[in-house]
Protein chains: 4
Amino acid sequence: METEIKIRGYHTDLYQHVNNARYLEFLEEARWQILETYTDLESFMKKGFLFFVVNINISYKSQARVNDLIRIRSGVKKIGNKSAVVRQKVHNLTTGQVCVDADITFVVSDVKGKALNIEGEVLAALKRIPVFEE
Amino acid sequence: METEIKIRGYHTDLYQHVNNARYLEFLEEARWQILETYTDLESFMKKGFLFFVVNINISYKSQARVNDLIRIRSGVKKIGNKSAVVRQKVHNLTTGQVCVDADITFVVSDVKGKALNIEGEVLAALKRIPVFEE
Amino acid sequence: METEIKIRGYHTDLYQHVNNARYLEFLEEARWQILETYTDLESFMKKGFLFFVVNINISYKSQARVNDLIRIRSGVKKIGNKSAVVRQKVHNLTTGQVCVDADITFVVSDVKGKALNIEGEVLAALKRIPVFEE
Amino acid sequence: METEIKIRGYHTDLYQHVNNARYLEFLEEARWQILETYTDLESFMKKGFLFFVVNINISYKSQARVNDLIRIRSGVKKIGNKSAVVRQKVHNLTTGQVCVDADITFVVSDVKGKALNIEGEVLAALKRIPVFEE
(Lines give C-alpha, C1' and ligand atoms only; values in the text may rest on other atoms or scores of the structure.)
Protein backbone atom coordinates (compact mmCIF):
# COMPACT_ATOMS: atom_id res chain seq x y z
CA MET A 1 0.00 0.00 0.00
CA GLU A 2 1.62 3.21 -1.16
CA THR A 3 0.81 6.90 -0.80
CA GLU A 4 2.66 9.59 -2.73
CA ILE A 5 2.93 13.21 -1.64
CA LYS A 6 4.61 16.11 -3.42
CA ILE A 7 6.34 18.41 -0.94
CA ARG A 8 5.06 21.99 -1.01
CA GLY A 9 6.28 25.20 0.61
CA TYR A 10 3.75 24.99 3.45
CA HIS A 11 5.03 21.52 4.43
CA THR A 12 8.47 22.89 5.24
CA ASP A 13 9.79 24.88 8.19
CA LEU A 14 12.66 27.18 9.13
CA TYR A 15 15.17 24.60 7.88
CA GLN A 16 13.32 24.46 4.55
CA HIS A 17 12.66 20.77 5.05
CA VAL A 18 9.55 18.87 6.10
CA ASN A 19 8.98 19.43 9.83
CA ASN A 20 8.91 16.50 12.26
CA ALA A 21 5.24 17.10 13.15
CA ARG A 22 4.15 17.27 9.52
CA TYR A 23 5.48 13.76 8.89
CA LEU A 24 2.98 12.46 11.45
CA GLU A 25 0.20 13.95 9.33
CA PHE A 26 1.68 12.29 6.24
CA LEU A 27 1.79 8.96 8.07
CA GLU A 28 -1.78 9.40 9.33
CA GLU A 29 -2.88 10.16 5.75
CA ALA A 30 -1.34 6.88 4.61
CA ARG A 31 -3.02 4.96 7.44
CA TRP A 32 -6.44 6.36 6.48
CA GLN A 33 -5.76 5.17 2.94
CA ILE A 34 -4.97 1.68 4.24
CA LEU A 35 -8.09 1.53 6.36
CA GLU A 36 -10.22 2.74 3.47
CA THR A 37 -8.67 0.21 1.09
CA TYR A 38 -8.70 -2.93 3.24
CA THR A 39 -11.53 -2.38 5.70
CA ASP A 40 -15.09 -1.13 5.61
CA LEU A 41 -13.98 2.10 7.27
CA GLU A 42 -17.30 3.93 7.32
CA SER A 43 -19.05 0.91 8.77
CA PHE A 44 -16.37 0.67 11.51
CA MET A 45 -16.82 4.33 12.29
CA LYS A 46 -20.60 4.00 12.48
CA LYS A 47 -20.21 1.09 14.91
CA GLY A 48 -18.17 3.40 17.12
CA PHE A 49 -14.77 1.68 16.84
CA LEU A 50 -12.03 4.21 17.58
CA PHE A 51 -8.39 3.77 16.66
CA PHE A 52 -6.14 5.38 19.28
CA VAL A 53 -2.42 5.72 18.68
CA VAL A 54 -0.57 4.81 21.90
CA ASN A 55 3.04 4.97 20.73
CA ILE A 56 5.00 6.29 17.78
CA ASN A 57 8.68 5.49 17.35
CA ILE A 58 9.86 7.51 14.37
CA SER A 59 13.35 7.93 12.94
CA TYR A 60 14.19 10.86 10.69
CA LYS A 61 16.96 9.62 8.38
CA SER A 62 17.18 12.18 5.59
CA GLN A 63 15.40 15.33 4.55
CA ALA A 64 12.60 16.13 2.14
CA ARG A 65 12.47 19.56 0.55
CA VAL A 66 10.08 21.54 -1.61
CA ASN A 67 9.25 19.84 -4.93
CA ASP A 68 10.55 16.47 -3.71
CA LEU A 69 8.20 13.54 -4.23
CA ILE A 70 7.89 11.12 -1.33
CA ARG A 71 6.36 7.66 -1.20
CA ILE A 72 4.96 6.15 1.99
CA ARG A 73 4.75 2.39 2.29
CA SER A 74 2.66 0.99 5.15
CA GLY A 75 1.85 -2.47 6.43
CA VAL A 76 1.08 -4.48 9.52
CA LYS A 77 4.07 -5.41 11.67
CA LYS A 78 2.37 -7.19 14.56
CA ILE A 79 -1.11 -7.93 15.87
CA GLY A 80 -1.39 -8.56 19.61
CA ASN A 81 -4.37 -9.21 21.88
CA LYS A 82 -4.77 -5.62 22.98
CA SER A 83 -2.73 -3.60 20.47
CA ALA A 84 -1.30 -3.77 16.98
CA VAL A 85 1.67 -2.20 15.23
CA VAL A 86 1.71 -0.66 11.75
CA ARG A 87 5.09 -0.04 10.17
CA GLN A 88 5.57 2.86 7.77
CA LYS A 89 8.54 3.86 5.68
CA VAL A 90 8.92 7.07 3.68
CA HIS A 91 11.18 7.14 0.64
CA ASN A 92 12.22 10.38 -0.96
CA LEU A 93 11.93 9.44 -4.62
CA THR A 94 13.74 12.63 -5.66
CA THR A 95 16.88 11.95 -3.63
CA GLY A 96 16.61 8.14 -3.62
CA GLN A 97 17.00 8.02 0.16
CA VAL A 98 14.85 6.80 3.03
CA CYS A 99 13.44 9.88 4.86
CA VAL A 100 11.61 8.34 7.73
CA ASP A 101 10.65 5.02 9.22
CA ALA A 102 8.14 4.60 11.99
CA ASP A 103 6.33 2.02 14.06
CA ILE A 104 2.84 3.10 15.09
CA THR A 105 1.22 1.18 17.95
CA PHE A 106 -2.51 1.56 18.37
CA VAL A 107 -5.42 0.14 20.30
CA VAL A 108 -9.04 -0.14 19.27
CA SER A 109 -11.63 1.30 21.66
CA ASP A 110 -15.36 1.45 21.87
CA VAL A 111 -17.18 4.75 21.79
CA LYS A 112 -16.74 5.17 25.56
CA GLY A 113 -12.95 4.89 25.20
CA LYS A 114 -12.71 1.37 26.63
CA ALA A 115 -9.89 -0.57 24.93
CA LEU A 116 -11.21 -3.70 23.23
CA ASN A 117 -9.56 -7.04 22.68
CA ILE A 118 -8.46 -7.33 19.07
CA GLU A 119 -10.75 -10.11 17.97
CA GLY A 120 -13.79 -10.76 15.80
CA GLU A 121 -14.40 -8.33 12.95
CA VAL A 122 -11.60 -5.97 14.05
CA LEU A 123 -9.06 -8.79 13.95
CA ALA A 124 -10.42 -9.98 10.61
CA ALA A 125 -10.05 -6.47 9.16
CA LEU A 126 -6.49 -6.03 10.43
CA LYS A 127 -5.57 -9.40 8.92
CA ARG A 128 -6.69 -8.17 5.51
CA ILE A 129 -4.07 -5.39 5.61
CA PRO A 130 -0.83 -6.65 4.02
CA VAL A 131 2.16 -7.32 6.25
CA PHE A 132 4.97 -4.75 5.95
CA GLU A 133 7.84 -6.02 3.79
CA GLU A 134 11.19 -4.36 4.56
CA MET B 1 -7.33 42.20 24.70
CA GLU B 2 -3.85 41.16 23.67
CA THR B 3 -2.17 37.85 22.94
CA GLU B 4 1.58 37.54 22.47
CA ILE B 5 3.28 34.74 20.54
CA LYS B 6 6.98 34.14 20.01
CA ILE B 7 7.65 32.85 16.51
CA ARG B 8 9.34 29.43 16.39
CA GLY B 9 10.88 27.41 13.60
CA TYR B 10 7.79 25.23 13.15
CA HIS B 11 5.60 28.32 12.56
CA THR B 12 7.55 29.25 9.45
CA ASP B 13 7.56 27.84 5.93
CA LEU B 14 9.75 27.67 2.84
CA TYR B 15 10.11 31.47 2.85
CA GLN B 16 11.24 31.30 6.48
CA HIS B 17 8.32 33.48 7.53
CA VAL B 18 5.03 32.65 9.20
CA ASN B 19 2.77 30.91 6.70
CA ASN B 20 -0.61 32.37 5.74
CA ALA B 21 -2.51 29.41 7.24
CA ARG B 22 -0.62 29.57 10.54
CA TYR B 23 -1.80 33.14 11.10
CA LEU B 24 -5.38 31.86 11.14
CA GLU B 25 -4.43 29.59 14.04
CA PHE B 26 -2.82 32.55 15.81
CA LEU B 27 -6.00 34.59 15.29
CA GLU B 28 -8.16 31.69 16.50
CA GLU B 29 -5.96 31.40 19.60
CA ALA B 30 -6.56 35.09 20.33
CA ARG B 31 -10.32 34.71 19.84
CA TRP B 32 -10.44 31.80 22.32
CA GLN B 33 -8.64 34.05 24.79
CA ILE B 34 -11.27 36.76 24.28
CA LEU B 35 -14.15 34.36 24.74
CA GLU B 36 -12.58 32.92 27.85
CA THR B 37 -11.94 36.39 29.30
CA TYR B 38 -15.25 38.09 28.58
CA THR B 39 -17.80 35.28 28.41
CA ASP B 40 -18.62 32.17 30.36
CA LEU B 41 -17.12 30.04 27.60
CA GLU B 42 -17.56 26.61 29.17
CA SER B 43 -21.18 27.36 30.00
CA PHE B 44 -21.80 28.46 26.38
CA MET B 45 -20.20 25.27 25.12
CA LYS B 46 -22.30 23.13 27.45
CA LYS B 47 -25.46 24.86 26.20
CA GLY B 48 -24.46 23.87 22.68
CA PHE B 49 -23.76 27.30 21.22
CA LEU B 50 -21.38 26.95 18.28
CA PHE B 51 -19.36 29.77 16.77
CA PHE B 52 -18.97 29.30 13.02
CA VAL B 53 -16.64 31.52 11.03
CA VAL B 54 -18.38 32.49 7.77
CA ASN B 55 -15.85 34.94 6.31
CA ILE B 56 -12.25 35.97 6.89
CA ASN B 57 -10.78 38.96 5.12
CA ILE B 58 -7.09 39.01 6.02
CA SER B 59 -4.30 41.25 4.74
CA TYR B 60 -0.67 40.21 5.08
CA LYS B 61 1.29 43.46 5.36
CA SER B 62 4.74 42.47 6.58
CA GLN B 63 6.53 39.32 7.61
CA ALA B 64 7.22 37.62 10.93
CA ARG B 65 10.30 35.44 11.26
CA VAL B 66 11.78 33.07 13.83
CA ASN B 67 12.42 34.68 17.22
CA ASP B 68 10.16 37.64 16.41
CA LEU B 69 7.56 38.48 19.05
CA ILE B 70 4.10 39.28 17.75
CA ARG B 71 1.15 40.85 19.57
CA ILE B 72 -2.45 40.23 18.50
CA ARG B 73 -5.08 42.81 19.42
CA SER B 74 -8.71 41.77 19.00
CA GLY B 75 -12.04 43.45 19.50
CA VAL B 76 -15.59 43.63 18.27
CA LYS B 77 -16.12 45.62 15.08
CA LYS B 78 -19.85 45.10 14.50
CA ILE B 79 -22.75 43.13 15.92
CA GLY B 80 -25.60 42.41 13.50
CA ASN B 81 -28.83 40.44 13.89
CA LYS B 82 -27.47 37.26 12.39
CA SER B 83 -23.69 37.70 12.41
CA ALA B 84 -20.94 39.65 14.11
CA VAL B 85 -17.48 40.81 13.11
CA VAL B 86 -14.32 40.62 15.21
CA ARG B 87 -11.37 42.70 14.08
CA GLN B 88 -7.82 41.47 14.78
CA LYS B 89 -4.50 43.17 14.16
CA VAL B 90 -1.09 41.57 14.53
CA HIS B 91 1.91 43.75 15.30
CA ASN B 92 5.43 42.44 14.97
CA LEU B 93 7.02 43.93 18.07
CA THR B 94 10.49 42.97 16.83
CA THR B 95 10.26 44.90 13.56
CA GLY B 96 7.75 47.50 14.76
CA GLN B 97 5.49 46.84 11.78
CA VAL B 98 1.92 45.65 11.35
CA CYS B 99 2.04 42.03 10.08
CA VAL B 100 -1.59 41.25 9.54
CA ASP B 101 -5.04 42.68 9.95
CA ALA B 102 -8.20 40.70 9.61
CA ASP B 103 -11.96 40.94 9.92
CA ILE B 104 -13.56 37.69 11.07
CA THR B 105 -17.30 37.33 10.50
CA PHE B 106 -19.08 34.61 12.44
CA VAL B 107 -22.53 33.33 13.24
CA VAL B 108 -23.76 31.54 16.33
CA SER B 109 -25.56 28.25 15.83
CA ASP B 110 -27.34 25.75 17.97
CA VAL B 111 -26.08 22.22 18.29
CA LYS B 112 -27.97 21.17 15.14
CA GLY B 113 -26.14 23.82 13.09
CA LYS B 114 -29.13 26.19 12.83
CA ALA B 115 -27.96 29.85 12.83
CA LEU B 116 -29.46 31.77 15.74
CA ASN B 117 -30.42 35.41 15.99
CA ILE B 118 -27.81 37.26 18.01
CA GLU B 119 -29.93 38.18 21.01
CA GLY B 120 -30.39 37.34 24.69
CA GLU B 121 -27.37 35.94 26.49
CA VAL B 122 -25.28 35.65 23.29
CA LEU B 123 -25.79 39.33 22.54
CA ALA B 124 -25.07 40.24 26.14
CA ALA B 125 -21.81 38.26 26.02
CA LEU B 126 -20.66 39.83 22.74
CA LYS B 127 -21.39 43.27 24.18
CA ARG B 128 -19.01 42.60 27.06
CA ILE B 129 -16.11 42.15 24.59
CA PRO B 130 -14.38 45.53 24.05
CA VAL B 131 -14.80 47.29 20.74
CA PHE B 132 -11.71 47.22 18.51
CA GLU B 133 -9.80 50.52 18.60
CA GLU B 134 -7.70 51.18 15.50
CA MET C 1 -7.54 23.09 -12.89
CA GLU C 2 -8.90 20.81 -10.19
CA THR C 3 -7.49 19.30 -7.02
CA GLU C 4 -9.36 16.63 -5.04
CA ILE C 5 -8.80 15.94 -1.35
CA LYS C 6 -10.42 13.28 0.84
CA ILE C 7 -11.16 14.64 4.31
CA ARG C 8 -9.42 12.73 7.11
CA GLY C 9 -9.74 12.84 10.89
CA TYR C 10 -6.66 15.03 11.30
CA HIS C 11 -8.16 17.70 8.99
CA THR C 12 -11.07 18.27 11.35
CA ASP C 13 -11.35 20.10 14.66
CA LEU C 14 -13.54 20.29 17.75
CA TYR C 15 -16.64 20.75 15.58
CA GLN C 16 -15.67 17.64 13.59
CA HIS C 17 -15.46 19.70 10.41
CA VAL C 18 -12.50 21.04 8.47
CA ASN C 19 -10.98 23.96 10.40
CA ASN C 20 -10.77 27.44 8.85
CA ALA C 21 -6.94 27.39 8.87
CA ARG C 22 -6.74 23.97 7.21
CA TYR C 23 -8.67 25.26 4.20
CA LEU C 24 -5.86 27.73 3.56
CA GLU C 25 -3.47 24.78 3.30
CA PHE C 26 -5.86 23.07 0.89
CA LEU C 27 -6.03 26.23 -1.22
CA GLU C 28 -2.23 26.59 -1.14
CA GLU C 29 -1.91 22.96 -2.26
CA ALA C 30 -4.15 23.71 -5.24
CA ARG C 31 -2.15 26.82 -6.12
CA TRP C 32 1.12 24.83 -6.12
CA GLN C 33 -0.56 22.40 -8.51
CA ILE C 34 -1.52 25.28 -10.81
CA LEU C 35 1.97 26.73 -10.79
CA GLU C 36 3.50 23.34 -11.46
CA THR C 37 1.08 22.67 -14.31
CA TYR C 38 1.15 25.99 -16.14
CA THR C 39 4.54 27.49 -15.30
CA ASP C 40 8.10 26.32 -15.10
CA LEU C 41 7.91 26.41 -11.31
CA GLU C 42 11.39 25.11 -10.49
CA SER C 43 12.97 27.54 -12.92
CA PHE C 44 11.02 30.43 -11.33
CA MET C 45 12.18 29.34 -7.90
CA LYS C 46 15.79 29.11 -9.04
CA LYS C 47 15.58 32.64 -10.46
CA GLY C 48 14.47 33.80 -7.00
CA PHE C 49 10.91 34.84 -7.81
CA LEU C 50 8.83 34.72 -4.63
CA PHE C 51 5.04 34.65 -4.53
CA PHE C 52 3.74 36.52 -1.48
CA VAL C 53 0.08 36.38 -0.54
CA VAL C 54 -1.06 39.89 0.46
CA ASN C 55 -4.79 39.33 0.97
CA ILE C 56 -7.19 36.41 1.34
CA ASN C 57 -10.93 36.95 1.33
CA ILE C 58 -12.49 33.58 2.11
CA SER C 59 -16.12 32.65 2.72
CA TYR C 60 -17.03 29.44 4.52
CA LYS C 61 -20.41 28.41 3.12
CA SER C 62 -20.92 24.82 4.22
CA GLN C 63 -19.01 22.18 6.12
CA ALA C 64 -16.77 19.29 5.11
CA ARG C 65 -16.52 16.29 7.41
CA VAL C 66 -14.45 13.13 7.65
CA ASN C 67 -14.69 10.90 4.55
CA ASP C 68 -16.14 13.72 2.44
CA LEU C 69 -14.43 14.29 -0.90
CA ILE C 70 -13.81 17.90 -1.85
CA ARG C 71 -12.79 19.40 -5.19
CA ILE C 72 -10.92 22.68 -5.49
CA ARG C 73 -11.21 24.68 -8.71
CA SER C 74 -8.73 27.50 -9.21
CA GLY C 75 -8.13 30.10 -11.88
CA VAL C 76 -6.96 33.62 -12.51
CA LYS C 77 -9.46 36.37 -11.70
CA LYS C 78 -7.39 39.48 -12.43
CA ILE C 79 -3.85 40.46 -13.36
CA GLY C 80 -2.78 43.98 -12.37
CA ASN C 81 0.51 45.82 -12.69
CA LYS C 82 1.70 45.05 -9.19
CA SER C 83 -0.56 42.24 -7.99
CA ALA C 84 -2.79 39.46 -9.29
CA VAL C 85 -5.83 37.63 -7.95
CA VAL C 86 -6.47 33.90 -8.08
CA ARG C 87 -10.02 32.73 -7.40
CA GLN C 88 -10.60 29.33 -5.76
CA LYS C 89 -13.83 27.50 -5.07
CA VAL C 90 -14.18 24.31 -3.02
CA HIS C 91 -17.08 21.95 -3.72
CA ASN C 92 -17.98 19.20 -1.31
CA LEU C 93 -18.71 16.39 -3.75
CA THR C 94 -20.22 14.28 -0.97
CA THR C 95 -22.87 16.82 0.04
CA GLY C 96 -23.15 18.55 -3.34
CA GLN C 97 -22.64 21.97 -1.75
CA VAL C 98 -20.07 24.73 -2.12
CA CYS C 99 -17.85 24.70 1.01
CA VAL C 100 -15.62 27.65 0.45
CA ASP C 101 -14.82 30.34 -2.05
CA ALA C 102 -11.82 32.59 -1.85
CA ASP C 103 -9.97 35.35 -3.66
CA ILE C 104 -6.22 35.23 -3.11
CA THR C 105 -4.27 38.39 -3.96
CA PHE C 106 -0.52 38.03 -4.34
CA VAL C 107 2.53 39.95 -5.45
CA VAL C 108 5.72 38.66 -7.00
CA SER C 109 8.98 39.70 -5.35
CA ASP C 110 12.62 39.27 -6.03
CA VAL C 111 14.84 37.39 -3.61
CA LYS C 112 15.38 40.56 -1.54
CA GLY C 113 11.63 40.93 -1.02
CA LYS C 114 11.20 43.86 -3.44
CA ALA C 115 7.81 43.68 -5.18
CA LEU C 116 8.21 43.45 -8.95
CA ASN C 117 6.02 44.77 -11.71
CA ILE C 118 4.06 41.90 -13.22
CA GLU C 119 5.57 41.90 -16.67
CA GLY C 120 7.89 39.87 -18.87
CA GLU C 121 8.14 36.15 -18.11
CA VAL C 122 6.07 36.43 -14.91
CA LEU C 123 3.19 38.02 -16.81
CA ALA C 124 3.54 35.46 -19.58
CA ALA C 125 3.36 32.63 -17.05
CA LEU C 126 0.29 34.04 -15.26
CA LYS C 127 -1.43 34.43 -18.64
CA ARG C 128 -0.98 30.70 -19.29
CA ILE C 129 -3.08 29.88 -16.19
CA PRO C 130 -6.75 29.55 -17.19
CA VAL C 131 -9.20 32.24 -16.12
CA PHE C 132 -11.59 31.20 -13.34
CA GLU C 133 -15.05 30.34 -14.68
CA GLU C 134 -17.85 30.74 -12.11
CA MET D 1 11.58 23.99 32.70
CA GLU D 2 7.84 24.09 32.19
CA THR D 3 5.56 25.23 29.40
CA GLU D 4 1.79 25.51 29.83
CA ILE D 5 -0.70 25.37 26.96
CA LYS D 6 -4.46 25.74 27.09
CA ILE D 7 -6.15 23.37 24.64
CA ARG D 8 -8.28 25.10 22.02
CA GLY D 9 -10.73 23.82 19.43
CA TYR D 10 -8.19 23.99 16.60
CA HIS D 11 -5.78 21.73 18.53
CA THR D 12 -8.26 18.85 18.48
CA ASP D 13 -9.32 16.44 15.76
CA LEU D 14 -12.18 14.13 14.83
CA TYR D 15 -11.97 12.43 18.22
CA GLN D 16 -12.21 15.86 19.89
CA HIS D 17 -8.85 15.33 21.54
CA VAL D 18 -5.40 16.69 20.75
CA ASN D 19 -4.09 14.98 17.61
CA ASN D 20 -0.85 12.98 17.68
CA ALA D 21 0.90 15.37 15.27
CA ARG D 22 -0.11 18.46 17.26
CA TYR D 23 1.67 17.12 20.34
CA LEU D 24 4.94 17.23 18.37
CA GLU D 25 4.38 20.94 17.86
CA PHE D 26 3.70 21.36 21.58
CA LEU D 27 6.93 19.50 22.39
CA GLU D 28 8.87 21.56 19.84
CA GLU D 29 7.45 24.74 21.43
CA ALA D 30 8.75 23.59 24.82
CA ARG D 31 12.18 22.79 23.38
CA TRP D 32 12.46 26.29 21.85
CA GLN D 33 11.65 27.67 25.29
CA ILE D 34 14.45 25.58 26.83
CA LEU D 35 16.97 26.67 24.23
CA GLU D 36 16.00 30.30 24.67
CA THR D 37 16.23 30.06 28.46
CA TYR D 38 19.48 28.15 28.85
CA THR D 39 21.47 28.93 25.72
CA ASP D 40 22.28 31.96 23.62
CA LEU D 41 19.87 30.74 20.96
CA GLU D 42 20.16 33.64 18.52
CA SER D 43 23.94 33.48 18.66
CA PHE D 44 23.84 29.71 17.95
CA MET D 45 21.55 30.33 15.01
CA LYS D 46 23.81 33.06 13.62
CA LYS D 47 26.79 30.71 13.85
CA GLY D 48 24.85 28.24 11.72
CA PHE D 49 24.33 25.46 14.27
CA LEU D 50 21.29 23.41 13.29
CA PHE D 51 19.40 21.08 15.61
CA PHE D 52 18.07 18.07 13.70
CA VAL D 53 15.67 15.64 15.35
CA VAL D 54 16.70 12.10 14.40
CA ASN D 55 14.29 10.05 16.53
CA ILE D 56 11.12 10.61 18.53
CA ASN D 57 9.72 7.89 20.75
CA ILE D 58 6.41 9.18 22.05
CA SER D 59 3.76 7.44 24.14
CA TYR D 60 0.20 8.75 24.25
CA LYS D 61 -1.16 7.78 27.67
CA SER D 62 -4.31 9.80 28.14
CA GLN D 63 -6.25 12.44 26.26
CA ALA D 64 -6.37 16.21 26.34
CA ARG D 65 -9.56 17.98 25.30
CA VAL D 66 -10.71 21.53 24.67
CA ASN D 67 -10.29 23.85 27.69
CA ASP D 68 -7.87 21.41 29.39
CA LEU D 69 -4.64 22.96 30.62
CA ILE D 70 -1.49 20.94 29.95
CA ARG D 71 2.00 21.37 31.37
CA ILE D 72 5.12 20.18 29.52
CA ARG D 73 8.23 19.43 31.53
CA SER D 74 11.46 19.02 29.58
CA GLY D 75 15.05 18.18 30.47
CA VAL D 76 18.17 16.50 29.27
CA LYS D 77 18.23 12.70 29.51
CA LYS D 78 21.57 11.91 27.92
CA ILE D 79 24.43 13.64 26.11
CA GLY D 80 26.49 11.46 23.78
CA ASN D 81 29.38 12.23 21.45
CA LYS D 82 27.27 12.60 18.35
CA SER D 83 23.71 12.94 19.66
CA ALA D 84 21.75 13.93 22.74
CA VAL D 85 18.35 13.03 24.15
CA VAL D 86 15.79 15.41 25.64
CA ARG D 87 12.99 13.88 27.68
CA GLN D 88 9.58 15.57 27.76
CA LYS D 89 6.49 14.75 29.77
CA VAL D 90 3.06 16.31 29.34
CA HIS D 91 0.67 16.42 32.31
CA ASN D 92 -2.97 17.24 31.83
CA LEU D 93 -3.53 19.51 34.84
CA THR D 94 -7.30 19.38 34.31
CA THR D 95 -7.58 15.59 34.55
CA GLY D 96 -4.51 15.06 36.73
CA GLN D 97 -3.14 12.43 34.34
CA VAL D 98 0.01 12.09 32.26
CA CYS D 99 -0.94 12.67 28.59
CA VAL D 100 2.30 12.03 26.81
CA ASP D 101 5.92 11.20 27.44
CA ALA D 102 8.59 11.37 24.79
CA ASP D 103 12.30 10.99 24.22
CA ILE D 104 13.63 13.27 21.50
CA THR D 105 17.04 12.39 20.05
CA PHE D 106 18.80 15.10 18.07
CA VAL D 107 22.12 15.88 16.46
CA VAL D 108 23.78 19.22 15.92
CA SER D 109 24.91 20.05 12.39
CA ASP D 110 26.77 22.82 10.72
CA VAL D 111 25.12 24.91 8.05
CA LYS D 112 26.04 22.38 5.35
CA GLY D 113 24.18 19.62 7.23
CA LYS D 114 27.32 17.86 8.49
CA ALA D 115 26.73 16.34 11.95
CA LEU D 116 29.14 17.76 14.51
CA ASN D 117 30.67 16.18 17.56
CA ILE D 118 28.93 17.47 20.65
CA GLU D 119 31.80 19.34 22.22
CA GLY D 120 32.98 22.87 22.93
CA GLU D 121 30.31 25.54 23.20
CA VAL D 122 27.51 23.19 22.09
CA LEU D 123 28.35 20.74 24.87
CA ALA D 124 28.65 23.59 27.36
CA ALA D 125 25.21 24.88 26.36
CA LEU D 126 23.56 21.45 26.62
CA LYS D 127 25.10 21.00 30.06
CA ARG D 128 23.39 24.19 31.24
CA ILE D 129 19.96 22.65 30.52
CA PRO D 130 18.66 20.88 33.65
CA VAL D 131 18.54 17.09 33.67
CA PHE D 132 15.04 15.62 33.41
CA GLU D 133 13.71 14.47 36.80
CA GLU D 134 11.05 11.74 36.56
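Below, chains carry the letters A, B, ... as their sequence lines are ordered, and counting in each starts from 1.
- Distance check: I58(C) CD1 to I58(B) CD1 gives 10.5 Å after rounding to the nearest 0.5 Å.
- Checked by atom type and distance alone, the side chain of Y15(B) pairs as donor or acceptor with a backbone atom of F51(C) at under 3.5 Å.
- If you tally non-hydrogen atom pairs under 4.5 Å between each of R22(C), H17(C), K61(C) and chain B, the highest count goes to H17(C).
- Put simply, of L24(B), V53(B), V100(B), the one with the most heavy-atom pairs under 4.5 Å next to chain C is L24(B).
- Of the two parts of L27(B), neither the backbone nor the side chain holds a non-hydrogen atom closer than 4.5 Å to a non-hydrogen atom of chain C.
- E25(C) and N19(B) form no side-chain donor-acceptor contact under 3.5 Å, judged by distance and modelled atom types alone.
- For the atom pair N20(C) CG and F52(B) CZ, the distance stands at 12.0 Å (nearest 0.5 Å).
- Separating the OH atom in Y23(C) from the CD1 atom in I56(B) is a distance of 12.0 Å, to the nearest 0.5 Å.
- No side-chain donor-acceptor contact under 3.5 Å links N55(B) to the backbone of Y60(C).
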